[in-house]
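These notes are about the structure you will find just below.
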Amino acid sequence: MSQFPPLIRVGLIGYGFAGKTFHKPLLMAEPRMRITRVASSNSEKVHADLPDVAVDADPAALMASEDVDLVVIATPNECHAPLARQALLAGKNVVVDKPFTLTLAQARELVALAARQDRLLSVFHNRRWDSDFLSVKNAIAGGLIGRVTHFESHFDRFRPVVRKRWREGNEPGAGLWFDLGPHLVDQALCLFGLPLAVHGDLMMQREGALSDDWAHVVLEYDRHRVILHGSMLVAGGVPRFIIHGEKGSILKRRPDGQEAQLLAGMTPGDAGWGHDPDPLLAYGGNGSEQEIPALMGDQRRYYAGIVDALTGIGPNPIPPIQALAVMAVIEAANRSAHEKASVGLDLTNEEIAAWP
């Protein structure tokens with residue numbers, strides 16, 4: 001890869017919820033990065049937060065700019081593949097928000113193109129650095145409950161009224177499974193590797209729903225099952241994680257708080273950033289109970305890893321070949337829901353080998 005200036009110059013495409021709430025503050029918190037341009041149709045909104053940053057109405061102008069080393073794509077899902085392809089062909093390194101693309105075929109095309117262009121390509125699976133996931137991962141790795149036999153991961157919310165936004169519309173890439181499924185899937189694959197098969201069930205439950213707002217997906221392994229669940233009609237919430245094993249069980253009641261902190265205006269790195277006051281609850285087979293303090297979450301580690309990868313001092317934090325597997329599970333769940341049967345993953349031997 002080419003040599004970089006002291007600061008990695010970033011062009012951010014899209015300044016909606018994802019761009020403004022997640023990418024902008026996390027990029028600004030990385031001292032080795034600087035946002036130089038934003039592509040958005042609303043320059044006033046951008047300049048209210050970033051008064052000294054150039055705003056391009058056309059993403060092509062941002063990609064053509066010589067003061068951009070890395071393009072971050074935070075647009076509606078159906079734009080991910082075409083914009084990433086355009087940025088790679090323009091010679092830029094690229095970060096794509098999740099989901100990587102709409103189809104596994106599109107994702108494969110981008111991985112191959114990035115290799116031909118000799119450019120970094122990464123997918124923003126930021127929730128690998130959530131406090132709840134890190135705490136559960138650490139407890140499982142430490143053998144707290146022995147071999148896992150049952151694992152549940154929930155993203156449940158109570159939003160009974162369908163909102164007028166693309167995420168809840170009927171265009172390609174809309175719906176809860178495309179929105180939250182990639183987080184659930186990526187975390188599960190990090191813990192357990194690739195499943196033997198996938199069984200998906202998707203529904204529209206709310207009055208006036210235009211895309212799925214309920215998802216229940218089971219990843220089938222030889223001796224355990226992983227349940228990934230999301231709903232827009234869960235008042236009060238349910239535990240974020242429920243895990244059973246041969247020696248006991250773990251409950252994580254509340255989710256990581258970094259999204260809430262960002263929405264409240266906290267700057268990543270402020271005092272209390274990533275702190276999780278909700279402990280793991282561990283239950284032993286002998287009737288014992290204990291509380292285990294949650295680990296700190298820190299999604300800043302994703303962009304720190306991107307800089308390390310670009311400057312040659314570390315690996316890509318989310319290799320795109322791993323993101324292919326996430327897309328394979330997303331696609332398999334959609335197919336399973338349609339066919340009403342478990343289906344396998346459409347992955348090559350090389351793609352399978354990317355996961356231990």
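Atom set for the values below is all heavy atoms of this structure, side chains included, hydrogens, waters and symmetry mates excluded.
- Rounding to the nearest 0.5 Å gives a distance of 9.0 Å between CD1 of I306 and CG of N93.
- A side-chain N or O of S122 and one of Y302 form a donor-acceptor pair less than 3.5 Å apart.
- In terms of modelled atom types and a separation under 3.5 Å, the side chain of E331 and the main chain of L104 share a donor-acceptor contact.
- Side-chain contact annotation: Q299 with N126, donor-acceptor N/O pair under 3.5 Å present.
- We find that D69 and R9 are joined by a salt bridge, their nearest charged nitrogen and carboxylate oxygen being less than 4.0 Å apart.
- Judged by distance alone, with hydrogens and angles left aside, the side-chain atoms of K98 form a donor-acceptor pair with the main-chain N or O of D179 at under 3.5 Å.
- Panel note: side chain E289, backbone A282; no donor-acceptor pair is recorded below 3.5 Å.
- At distances below 3.5 Å, not a single donor-acceptor pair connects side-chain atoms of D276 with backbone N or O atoms of D256.
- Counting only N and O atoms by type, the side chains of T149 and R223 include no donor and acceptor under 3.5 Å apart.
- Comment: R301 does not engage E30 in a salt bridge, judged by the lack of any side-chain N to carboxylate O separation of less than 4.0 angstrom.
- Within the 3.5 Å criterion, the main-chain N or O of L144 finds no donor-acceptor partner in the side chain of K247.
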Kindly indicate, with the supporting measurements, whether the criterion salt bridge (Lys or Arg N to Asp or Glu O under 4.0 Å) is fulfilled by R128 and D186.
CA-CA 8 Å; R128 289 192 187 187; D186 184 66; 2.7 Å; yes
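- The backbone N or O of W177 lies less than 3.5 Å from a partner atom in the side chain of D212, making a donor-acceptor pair.
- Taking 4.0 Å as the cut-off between side-chain N and carboxylate O, D278 and K252 count as a salt-bridged pair.
- Proximity of the aromatic rings of F151 and H224 is defined here by a centroid distance below 6.0 angstrom, and this criterion is not met.
- At a cut-off of 3.5 Å, with distance as the only test, no side-chain donor of H80 or E78 sits close to an acceptor on the other residue.
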